[in-house]
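Residue numbers begin at 1 in each chain, while the letters A, B, ... track the order of the sequences.
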Amino acid sequence: MARVKVPKPVTIDFETHKIMPRPLYPPMPVGVSIKYPGKKAKYYAFGHLEGNNCTWSEAEKALRDAYDHSDGILFQNGKFDLDVAETHFGIKIPEWNKIHDTMFLIYLHNPHAKELGLKPAAEELLGMPPEEQEEVGEWLLSEQPIPGVRINRGKQGDNYFGAYYSWAPGDIVGRYADGDTIRTEKLFTLLYKEILDRGMGEAYDRERKLALILLEMERQGLAVNLKQLRHDVDMYTDWMGKIESWVIKTLKAPADLNLNSGQQLVEAMIEAGKVDESLMPRTATGKIATNKDALLAGVTDKKLLGVLNYRERLKTCLNTFMKPWLETAELSGGLIYTIWNQTRTPDSVGTRTGRLSSTPNFQNIPKEFAPIFDHEKPGTKLPKSPFKDIPPLPKVRCYVVPFEGDVLIDRDFSQQEIRILAHFDGGSMMHDYQADPWLDFHDVARGKLAEQGLFYERKPVKNTNFGLIYGMGVGKLAEKNGTTVDEAKDLKAAILKLYPGLKEMYSDMRLRMQQDLPIRTWGGREYYCEPAKMVNGRLMTFDYKMVNVLVQGSAADCTKESIIRYHAAKHKDAKIILNVHDQITVSVPPKLMKSEMEVLRKAMESVEFDVQILSEGSISDTNWGDLKDYDKKGKII
DNA sequence: AGTTGCGGCCAC
DNA sequence: AAACGTGGCCGCAACT
């Protein structure tokens, strides 16, 4: 094995005023700890109320020198510090290869770790407890330096002491900040070597490159149709009120009945004789369930059922998406500033598999709703709406629009996870795709089963295929397919027989678990099996999850790689605005629409698997909810 | 008063 | 033999 040369970058960590959302982000710095390799950390305090030791420009000079260091610069979550330095000091963000980040190393070291923060990692790997933080906290809690603010120990409240380090004296905060740069440097020295020794250097570099692209996206934001959003929030909020009054009247319930409380609602419905309690399923903790299926089973008044169904969905649209979007868009004249998590992060957000996640959440926006009332789909047995003019549920994606004068281009990977499964299958599944890159795997599997006299609909075959990726058991599969467990077992076995490579994968995972050997994703990241644990008095092992980790993790690598390649090749006026797992959305001037679509296609399809990765495009000159097919199965429409 | 877990919604 | 994966976030209810 080649000896790994560990670089010796300068470590930098800002302390700032309270962190607020953009456009007020990034916050003003009050000090910065800078640690050169082999030297003591130095805290430049310039913005504290007391205990400062330098001027703003002296700190700036020290920062510029650090940025010029030949081995580059090192951060814990550099996306924050780089933004602070560029925004407030005008210090340009260097090329990706000059920037190191322990956050990615900690994640790559063990994506399953309970905590992924600098301090827990330092405590576990270096044996360094976080004592300096205690010191700052003690000072703030006992001094309470801010008039009208009661600083507390909480972690989520507004007045958490962590938000007020700028109010503590520079020398005390300095010990804390220096403690962090010392930890960061030590962890880097330890983990960089380990990560490269384990063959994860490319994966580390991929995260370093992506971080700068995500920062660019965060700063640019994405546009919403503010006027429409304002109007619709008002309108639907009114409807929520009307609906609640109707429900309370129908149930003859007291005016203060809280419909958001499942238990209150169930009680009121029983009281009013609108529900057959014996038909309603229970939750894991034994309470009467109030989800869609439970209500469907137990509510005897179908009109009431429809209204409750509508209300629950509208509540999700309004509270999770529309109202928060409106609130932030009002601050910025129509922009939403998203925070992108590229790995599982110290705040316990982000994915362990490496897929992106974001706040606000753009990963689970409703697409389309099934009709609820009969006026939406005449001729069905749906209940009548008690309101004659109730609007359809909002199409939430429609509020996302291209930038002024732009259009949207959008591409989805075609069956990304299935293709990647075929890549790892390495046998007949892979060969099928190589023979016909646009094949529909579910149909092909179904056809092969039919040749053996086993006739299935597409749906159960598709469910079983996804079940294989997700590690689904035959019990859940049977439920999903509406069959007996034995039938589900037979179908699963039949598909595994068609593709012996898949069967081998599963036995290989079992061996890996037993021998404590990792899997490696396409992007070179290692995952060990999660440790076994006792569940219901039985030792449960998690080898069944490893195929999912392999496939989903590799899909994440694939998407990240394609974003990086597209970003490197794109026109400067094209702006990446969203990534939803297997989908990339870009805002471009109309005259670039065709050319950027092709650049994006090439970037996405250039990622090297043994099965050709393919994609399909759509466009819109209005909004994200109104995308029209541009190319399908390789042919422009 | 703040935290945590549950149950609910949704996506890929 | 059996185990459906990855998430965000809202609101309630029970806990400290």
[X] and [Y]: which non-hydrogen atoms are nearest, and at how many Å?
X: A:Ala211; Y: A:Lys79; value: O-CD, 4.2 Å
X: A:Gly306; Y: A:Pro383; value: CA-CG, 4.3 Å
X: A:Met217; Y: A:Ile576; value: CG-O, 3.4 Å
X: A:Ile613; Y: A:Cys558; value: CG2-SG, 4.4 Å

Is any side-chain N or O of [X] under 3.5 Å from a base N or O of [N], one able to act as donor and the other as acceptor?
X: A:Asn364; N: B:dC10; result: yes
X: A:Arg352; N: C:dT6; result: no
X: A:Arg313; N: B:dC10; result: no

Query raised in the report: Do A:Phe609 and A:Tyr433 have their ring centres less than 6.0 Å from each other?
Result: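 Ring centres of A:Tyr433 and A:Phe609 not closer than 6.0 Å.
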Query raised in the report: Between A:His442 and A:Phe466, does the ring centre distance come in under 6.0 Å?
Result: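 Judged by ring-centre distance (under 6.0 Å), A:His442 and A:Phe466 do meet the cut-off.
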Residue [X], side-chain heavy atoms: nucleotide from [options] that is nearest:
X: A:Asn260; options: C:dG5, B:dC12, C:dC12; value: C:dC12
X: A:Arg344; options: C:dC4, C:dC9, C:dG7; value: C:dG7
X: A:Asp543; options: C:dA3, B:dC9, C:dG5; value: C:dA3
X: A:Tyr544; options: C:dC4, C:dC9, B:dA11; value: C:dC4
X: A:Arg355; options: C:dC4, C:dG5, C:dG8; value: C:dG5
X: A:Arg510; options: B:dC9, C:dT6, C:dA2; value: C:dA2
X: A:Val580; options: B:dC12, C:dT6, C:dG8; value: B:dC12
X: A:Lys476; options: C:dC4, C:dA3, C:dG5; value: C:dC4
X: A:Thr320; options: C:dA13, C:dT6, C:dC10; value: C:dC10
X: A:Arg397; options: B:dA11, C:dA13, C:dT6; value: B:dA11

Would you say [X] reaches [N]'s phosphate, i.e. side-chain N/O to OP1/OP2 under 4.0 Å?
X: A:Asn319; N: C:dC9; result: no
X: A:Asn258; N: C:dC12; result: yes
X: A:Thr351; N: C:dG7; result: no
X: A:Thr316; N: C:dC9; result: no
X: A:Tyr470; N: B:dC12; result: no

Whole angstrom value for the distance that separates [atom2] of [N] from [atom1] of [X]:
X: A:Met546; N: C:dC4; atom1: CE; atom2: C1'; answer: 17 Å
X: A:Lys323; N: C:dG11; atom1: NZ; atom2: C1'; answer: 12 Å
X: A:Met540; N: C:dC4; atom1: CE; atom2: C1'; answer: 10 Å
X: A:Glu312; N: C:dC9; atom1: CD; atom2: P; answer: 18 Å
X: A:Ile365; N: B:dC9; atom1: CD1; atom2: P; answer: 18 Å
X: A:Tyr310; N: B:dC10; atom1: OH; atom2: P; answer: 14 Å
X: A:Asn481; N: C:dC4; atom1: CG; atom2: C1'; answer: 12 Å
X: A:Gln363; N: B:dC9; atom1: CD; atom2: C1'; answer: 15 Å

Query raised in the report: In terms of the nearest nucleotide of DNA chain C, which residue is placed more toward the 5' end: A:Thr353 or A:Thr359?
Result: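 Per heavy-atom nearest nucleotide, the more 5' residue is A:Thr353.
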Contact class for [X] (heavy atom, under 4.0 Å): base, sugar-phosphate, or nothing?
X: A:Lys367; answer: sugar-phosphate
X: A:Lys492; answer: nothing
X: A:Ala556; answer: nothing
X: A:Gly262; answer: nothing

Report task. With the side chain counted from C-beta on, respond yes when A:Trp340 and A:Leu210 share a heavy-atom pair under 4.5 Å apart, and no when they do not. Result ->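 SC-SC contact between A:Trp340 and A:Leu210 ruled out.
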